[in-house]
Colleague: 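Structure incoming, see below.
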There are 2 protein chains.
Amino acid sequence: MHRFRNVAIIGVGLIGGSIGLGLRERKLAGRVVGIGRNADSLAKARRMGCVHETTTSVAEGVAKADLVVVCTPVEQIPAFIAQAAEHAPAGAVFTDAGSTKATVVAQTEALLHARLDGLLPFIGSHPIAGSEKTGAEAARGDLFEKRTVVITPTASTDDHATATIEHFWRSLKGRVTRLSPARHDEILARTSHLPHLIASALAAATPADMLPLTAGGWSDTTRIAAGDAEMWRQILLANSVQTLKGLDDFERVLARLRQAVEAGDGQRLAEILAEGKARRDALGS
Amino acid sequence: MHRFRNVAIIGVGLIGGSIGLGLRERKLAGRVVGIGRNADSLAKARRMGCVHETTTSVAEGVAKADLVVVCTPVEQIPAFIAQAAEHAPAGAVFTDAGSTKATVVAQTEALLHARLDGLLPFIGSHPIAGSEKTGAEAARGDLFEKRTVVITPTASTDDHATATIEHFWRSLKGRVTRLSPARHDEILARTSHLPHLIASALAAATPADMLPLTAGGWSDTTRIAAGDAEMWRQILLANSVQTLKGLDDFERVLARLRQAVEAGDGQRLAEILAEGKARRDALGS
C-alpha cells in the first residue's frame, strides 16, 4: 500500500518536480498531481515523469489530496495553502518548501485560522537542497537524500501534521530537524541568504571584459548568483531583518581584512585568513 | 629529442609538481629536478613522479638547467630567480608561476639587472590554474590543459626568453596570453584576489554552530577560503592596491543591495540580482 493516496504539488520546478519524482520512484504515492500556472512547466514535469497528471486549477488538483506540498516562490505560499485548504478533503495535511519561514508560516497560519477552528493541519518545511538550477528539467528523485530538511512546528500546529510531514521527508531520505520559524530564518540568513547577496554583488562588480581571466575561485564564489533573480528577490525581502544582521557581521570581518591589507599588516591579515580557513575546513569539502 | 634538456623547478607544490608531471608525461624534458627546502615535500614530489631527482641546494639543482621555473609563494620568487641565475649555465631561461606580477617582476628585474648586462633571460608567468588544494599530492600532469597562462614581457625581457616560455606553456597545453605586469594585477585583483578576500570574510563571519545548516550555496561561495592562509597573505599584500580598488567597487554594489533590502525595494533589488546573474551566466558553468 502507498504511504500517500494522492499528493498534490503546487509549483513543479526543481523542488516540486524532485518531490514528485522521489515519491514516484519510491512508490510512496498512489497518484501525484502537479498544479501550476504555466502550461510549459507542467508539460515539462509530465515529460520528466515527476507527476502523473497536471492541472492549472488548484481546486481540481487538490480535490482528492491527502497531502498538499506548495513549492512556489515564498510570496505565493500563504495564499496557495489557504486556497488548497479550502478545496482539499477533510484530513488533508499541508506543507511548503519555502526558503524562509517566519513570514510564510505567520501569514499562512493567519489565513488558516480565519477558516479553521483549533490546531492547524499545516506545518512549514524547508528542504535545504536548492541549486542555482531551476525547473523540472533539473529535478532528481534523490535530491533530498541525506539533505537537511527543517520543519517548523508552532503552537498552532496539529501534532498529526507534524508527524505526517516528518514522515514524508524521511521517506524521501531527508534528515529532518525541528526549529522555530524565527530560528530557521536567523540561521538561513547566514548560511544561504547572505551568501547569495555577496555572490551577486561580486558577480555584478566584476567587469565583463575580465571574465576570460577568471578561474575556479571566481566561478565557485559567484556560482549561486546564477540563481533565479525573482525567487531570490522574494527570499531576501521575506528575511530582510536577519539577512541585514548577517550582512553587518560580514562587513565587520571584511573591514578588518581591509584594514590589514591597507596597513600592510601581514600578521593580522594571516590571522583573519586562518579564521576563515578554519571555519571552511570545519565543513569539509 | 626532448624540448628541454634539463628543467629545474624550485618549489614542488601543486603548481611546480604539476609542471614536472606534465613535462614527464609528455616527454618534454630529459631531466626534471625538484628543488625545495622541505625534505617531506621533496619526497612527496618524487613519489608522485613529478621529478626525476630532488635537492635542497639551488646551486646544485640548477647547475645543468636550460629552464628554471620558480613556483614558490610570491614573496620568495625574486630572490630565488636571482640565486638560480647566478648558478645556472649561460643560455638558461627563467620564469615563475606567481599569482601576482607587478612587484614580482619589478623586484626580479632589479636583482637581475644588478648582475647581468642587456636584456634579461627572465619573463613572469601566471598559469591561472590554482585550487584550494596544495602540495605535490594534488599535482596533475594535465593541470594546465586549456587553462589561461598569462606571460608578462616587459621592455627588459629578452625575446628568446619570451619565445621559450610561451612555447613551454603551450607544450603543457596552456592558452598563453600576454599582458603587462600592471594590467595582469589589475585584472587578477578582481577575478581572483578579491574573491578570496570575500570568501574568507564570509567563512569567518559564519557562526560555527550554523555550519550543519549550510548547503551548496555556502560551500561554493566559501570554497577558496580553504586555501593556504600564508600563500594568500603574500598575494593580497603583493597586490594590495588593486585588490583594494576591486573591494571599493564590490562594496559599492553591496551597498546598493543593502539599500534595496533595507527599503524593501523589490524592483531595485531584482535589478541588481539580475545584473549579477547576467554576469555569472556570461561565464557559463
Side-chain angles (χ1 to χ4, degrees), chain A residues 128 130-131 148 187 190-192 195-206 208 210-211 213-226 229-230 232-233 236-237 240 243-244 247 249-250 253-254 257-258 261-262 264 266 269-270 272-277 279-283, chain B residues 128 130-131 148 187 190-192 195-206 208 210-211 213-226 229-230 232-233 236-237 240 243-244 247 249-250 253-254 257-258 261-262 264 266 269-270 272-277 279-283:
Chain A
I128 303 181
S131 161
T148 298
I187 297 175
R190 286 143 192 277
T191 60
S192 172
H196 195 90
L197 209 64
I198 289 167
S200 288
L202 179 59
T206 307
M210 294 185 179
L211 292 181
L213 288 178
T214 58
W218 192 89
S219 96
D220 283 342
T221 311
T222 59
R223 181 162 297 117
I224 48 174
E230 170 56 16
W232 280 97
R233 175 192 72 73
L236 293 166
L237 291 186
S240 60
T243 301
L244 290 169
L247 182 54
D249 291 345
F250 167 76
V253 180
L254 195 62
L257 278 167
R258 173 190 277 280
V261 173
E262 278 174 351
L269 177 56
I272 312 171
L273 294 174
E275 273 176 51
K277 176 171 169 54
R279 199 60 48 83
R280 185 59 180 76
D281 287 344
L283 183 75
Chain B
I128 303 180
S131 162
T148 298
I187 297 175
R190 287 143 191 278
T191 61
S192 172
H196 195 90
L197 209 62
I198 289 167
S200 287
L202 179 59
T206 307
M210 294 186 179
L211 292 180
L213 288 178
T214 58
W218 192 89
S219 98
D220 283 344
T221 310
T222 59
R223 181 162 297 116
I224 48 174
E230 169 56 18
W232 280 97
R233 176 191 73 72
L236 292 167
L237 291 186
S240 61
T243 301
L244 290 168
L247 182 55
D249 291 345
F250 167 75
V253 180
L254 194 62
L257 278 167
R258 173 188 277 279
V261 173
E262 279 174 348
L269 177 56
I272 311 171
L273 294 175
E275 273 177 50
K277 176 171 169 53
R279 200 60 48 82
R280 185 58 180 76
D281 287 345
L283 183 74

Colleague: Between Gly217(A), Ala203(A), Gly216(A), which residue shows the highest count of heavy-atom pairs closer than 4.5 Å to chain B?
Modeller: Ala203(A)
Colleague: Quick one: of Leu283(B), Thr221(B), Thr148(B), Val253(B), who has the most non-hydrogen atom pairs under 4.5 Å with chain A?
Modeller: Thr221(B)
Colleague: Report the relative orientation of the aromatic rings in Phe250(A) and Phe250(B); use parallel for angles under 30°, tilted for 30 to 60°, perpendicular for over 60°.
Modeller: perpendicular
Colleague: For chain B, find which of Asp249(A), Asp281(A), Thr206(A) contributes the most heavy-atom pairs closer than 4.5 angstrom.
Modeller: Thr206(A)
Colleague: Tell me which of these, Ile187(A), Leu269(A), Leu197(A), Leu237(A), has more heavy-atom pairs under 4.5 Å with chain B than the rest.
Modeller: Ile187(A)
Colleague: Out of Ala282(B), Ala199(B), Ala208(B), Gly264(B), which one racks up the most heavy-atom pairs below 4.5 Å with chain A?
Modeller: Ala208(B)
Colleague: If you define the side chain from C-beta out and look only at heavy atoms, does anything of Ile272(B) sit under 4.5 Å from Ser200(A)?
Modeller: no
Colleague: For Ile224(A), is it the side chain, the backbone, both, or neither that has a heavy atom closer than 4.5 Å to a heavy atom of chain B?
Modeller: side chain
Colleague: Go through the steps to decide whether Arg258(A) and Val261(A) satisfy the test side-chain contact (heavy atoms from CB on, under 4.5 Å), and finish with yes or no.
Modeller: CA-CA 5 Å; Arg258(A) 173 190 277 280; Val261(A) 173; 5.9 Å; no
Colleague: Quick check on the interface: out of Ala226(B), Ala274(B), Gly266(B), Ala270(B), who has the most heavy-atom pairs with chain A under 4.5 Å?
Modeller: Ala226(B)
Colleague: Would you say that Ser219(A) contacts Arg280(B) through its side chain, given a criterion of any heavy-atom pair below 4.5 Å between the two side chains?
Modeller: yes
Colleague: Need one label for Ser192(A): side chain, backbone, both or neither, based on atoms under 4.5 Å from any heavy atom in chain B.
Modeller: neither
Colleague: Just give me the residue among Glu275(B), Glu262(B), Arg223(B) that pairs up with chain A most often, heavy atom to heavy atom, under 4.5 Å.
Modeller: Arg223(B)
Colleague: Under 3.5 Å, is there a donor-acceptor pair between the side chain of Arg233(B) and the main chain of Leu273(A)?
Modeller: no
Colleague: Between Thr243(A), Leu247(A), Ile198(A), which has the largest tally of heavy atom pairs under 4.5 Å with chain B?
Modeller: Leu247(A)
Colleague: Output the distance between atom NE2 (His196(A)) and atom OG1 (Thr191(A)), rounded to the nearest 0.5 Å.
Modeller: 13.5 Å
Colleague: Taking C-beta and beyond as the side chain, do Trp218(B) and Leu211(B) meet within less than 4.5 Å on heavy atoms?
Modeller: yes
Colleague: So which part of Leu257(A) gets closer than 4.5 Å to some heavy atom of chain B, the side chain, the backbone, both or neither?
Modeller: side chain
